[in-house]
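Heads up: the structure comes next, in structure tokens.
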Amino acid sequence: MNTFKQKTDFIREIIRNDLKENDGGQYKIHTRFPPEPNGYLHIGHAKAICLNFGLAREFGGLCNLRFDDTNPTKEEMEYVNSIKQDIKWLGFDWEGREYYASDYFEKLYGFALALIKKGKAYVCDLSGQQIREYRGTLTIPGKNSPYRERPIEENLMLFEEMKNGKYPDGAKVLRAKIDMKSPNLNMRDPVMYRILHKKHHRTSGKWCIYPTYDWAHGQSDSIEGITHSICTLEFENHRPLYDWFLNELEIHHPRQIEFARLNLTYTVMSKRILLELVKSKIVKGWDDPRLPTISGMRRRGYSPTSIRNFCAEVGIAKADSTVAIEFLEHFVREDLNKKAPRRMAVINPLKLIIDNYPDNIVEELEAVNNPEDLSAGTRKIPFSKILYIEKDDFMQEPPPKFFRLAPGREVRLRYAYFVKCNEIIKDRDGNITEIHCSYDPLTKGGDAPDGRKVKATLHWVSAGHAVSFEARIYEKLFKNENPYQVQEVGELKDNLNPDSLSIIENCMGEPSLSSVEPGHVYQFERLGYFCVDPGCSNDSIIFNRTATLKDEWAKIQKSQ
RNA sequence: UGGGGAGUAGCCAAGCGGUAAGGCAGCGGGUUUUGGUCCCGCGAUCGUAGGUUCGAAUCCUGCCUCCCCAGCCA
């Protein structure tokens, strides 16, 4: 059922070597997925989740879930809950090892004390602005803070006072005493603790000093006995700092490995921007199906399997890359093609009347539920004189390669009969309102006894039995392949695709669509995959289009 | 500009000195009661210039390009 495709990559290679070198012992690899609960997870996180949990699974190790919750000004319980739900939904299990950096605040405080006592950390009174100035630039070395040589005892006292709330936000920080002239800016006496009189979602008002990420992350991994700390490229510059902390503290030292984060065309992965889209109501929430969030993709109809396969196939490497959104779509189609039950539904209905079909007869025709999986069985679909077909399936003046219905032309109605178009009815504005056909009773089931062929098979719905529903059609969120291609950050919104969502009401579906379960995905034949929206009620059915089917005709049209 | 990374087909990505996997996209063809699926076929000498070697995408040197770092964000 659940497949976990895996490829080989430089990380797995490193791990295989580590396993070989530690051969014979109790050595087991231990990874972790360390999100900050300041937003919802997106497909980029899925890549990290599949990697970390996948590694543990493949090599017989463990993977923890740890929330890096060191900044109470941005973090919320809602986010930790959504994160847990998304990881589970993706098919991974942290087996109870749910940890928080905030669980380690006490230990971290103790580590800080140890560094102060070693003369390797000091309390600094410089303002944020001053710290920046003293830090120097890429080419100019920094200068030592005037507080750098404070006696250990004084540092100890001041740090305790910081903890006890004696100072306002920003008044003092605890810094590591490393090297203000280091070419690596992260080593220029980085801040370890800042004063933040803010309640934390887990520790509440217990602390008013909070560790910075740089101070907390490596030690948290160490405390958990992580063997391989896998993170993204931007932390490569921080590794020397983590190494320094761990060495000074003389505690377990994980091996950090960095890989390139995922980028996708036509969308953004920045949590900051995602938050902005949600807050400004440009999208309808974190689970808006246009977003690359896990919850958005779930609502859109993406299966966990398709996301996992995508993550496995996209590869792990160190080169910056932007994956085509089409690549992602390929994996939903691949998975849904195998699993989604087929249904007939018409998004833009056009009335088709079969003049020579008896008025009050209804035939029950048998339809295959899934040609890719015969065990899915068959169902009955009612057929009658008045039907709906797709507007796009008829053209009064068909261009060269259009081989659907047109005046005088014969096509097949799927599972039913051949019909031939005889007449077109228009309203006073010239819009086609209905088309009249005649059917050939001998072609029942879809084949002609005389062996004649038709060039097209159309989907249809019996008008008298149709279930009406709303379809939400999603397109790319941004117009530009790279939404970040803007002069100024604020202009990002100008790149939004105004047609990213279109709502189409009064779509017509076959009767079996009258009772559907939220989250279920169907293939509407010839149209695409559609997922039942959780916002459905008894009298309104909503389908989100997950993806279209590949469309040869659309390609031809584009090239014409 | 100092430091840290990366450059293999339109997009990902294998390759680890022996003569360029695979996937997606694209193009052509076959099958088909979904213009879907499936099947077959088609593309790169590896950023660049030198060097080492019988032999280099793989080793060395120079150059070019891109990414990351000057948050008391993560």
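Hydrogens, waters and symmetry mates play no part in the numbers below; they use all other heavy atoms, side chains included.
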*asked:* If you take any heavy atom closer than 4.0 Å to RNA chain B, which residues from residues 122-139 of chain A end up in contact?
replied: A:Leu126, A:Ser127, A:Gly128, A:Ile131, A:Arg132, A:Arg135, A:Gly136, A:Thr137, A:Leu138, A:Thr139

_Would you say the rings of A:Tyr104 and A:Tyr100 are close, in the sense that their centroids are separated by under 6.0 Å?_
no

*Side chain of A:Glu525: nearest nucleotide among B:U34, B:C12, B:A13?*
B:U34

*asked:* Among B:C24, B:G36, B:G35, which nucleotide has an atom closest to any side-chain atom of A:Lys401?
replied: B:G35

*Less than 3.5 Å between a donor and an acceptor, one on the side chain of A:Arg342 and one on the base of B:U34, is that the case here?*
yes

_Summary of protein contacts for nucleotides 38-43 of chain B, nucleotide by nucleotide, where a base hit scores B, a sugar-phosphate-only hit scores S (4.0 Å, heavy atoms)_ = ------

*asked:* Syn if the chi torsion is within 90° of 0, anti otherwise; quick check, which is B:G71?
replied: syn

*B:C73 phosphate, OP1 or OP2: any side-chain N/O from A:Arg194 under 4.0 angstrom?*
yes

*Could you note down all residue pairs passing salt bridge (charged side-chain N to carboxylate O under 4.0 Å, His left out) where residues 547-560 of chain A supplies at least one of them, sequence neighbours left out?*
A:Glu552-A:Lys555

*With a 3.5 Å cut-off and just heavy-atom distances, do the side chain of A:Asn237 and the base of B:G3 make a donor-acceptor pair?*
yes

*asked:* Tell me every residue that passes side chain to side chain contact (heavy atoms under 4.5 Å, CB included) with A:Phe10, counting only those two or more places apart in sequence or in another chain.
replied: A:Ile14, A:Ile257, A:Phe259, A:Ile316, A:Lys318

*Which one, B:C27, B:C68, B:G5, comes nearest to the side chain of A:Glu234?*
B:C68

_Neighbours of RNA chain B within residues 175-185 of chain A, by heavy-atom distance under 4.0 Å_ = A:Pro183, A:Leu185

*asked:* Using a distance-only criterion (donor-acceptor N/O pair, under 3.5 Å, no hydrogens), is the base of B:C12 paired with the side chain of A:Glu313?
replied: no

*A:Trp553 and A:Phe403: aromatic ring centres closer than 6.0 Å?*
no

*Tell me whether the OP1 or OP2 atom of B:U32 has a side-chain N or O from A:Lys453 closer than 4.0 Å.*
no

*When all nucleic acid strands are considered with a 4.0 Å heavy-atom cut-off, which category describes A:Glu258: base, sugar-phosphate, or nothing?*
nothing

*Summary of salt bridge (charged side-chain N to carboxylate O under 4.0 Å, His left out) pairs that have at least one residue in residues 172-190 of chain A, sequence neighbours excluded*: A:Asp125-A:Lys172, A:Arg148-A:Asp189, A:Glu149-A:Lys177

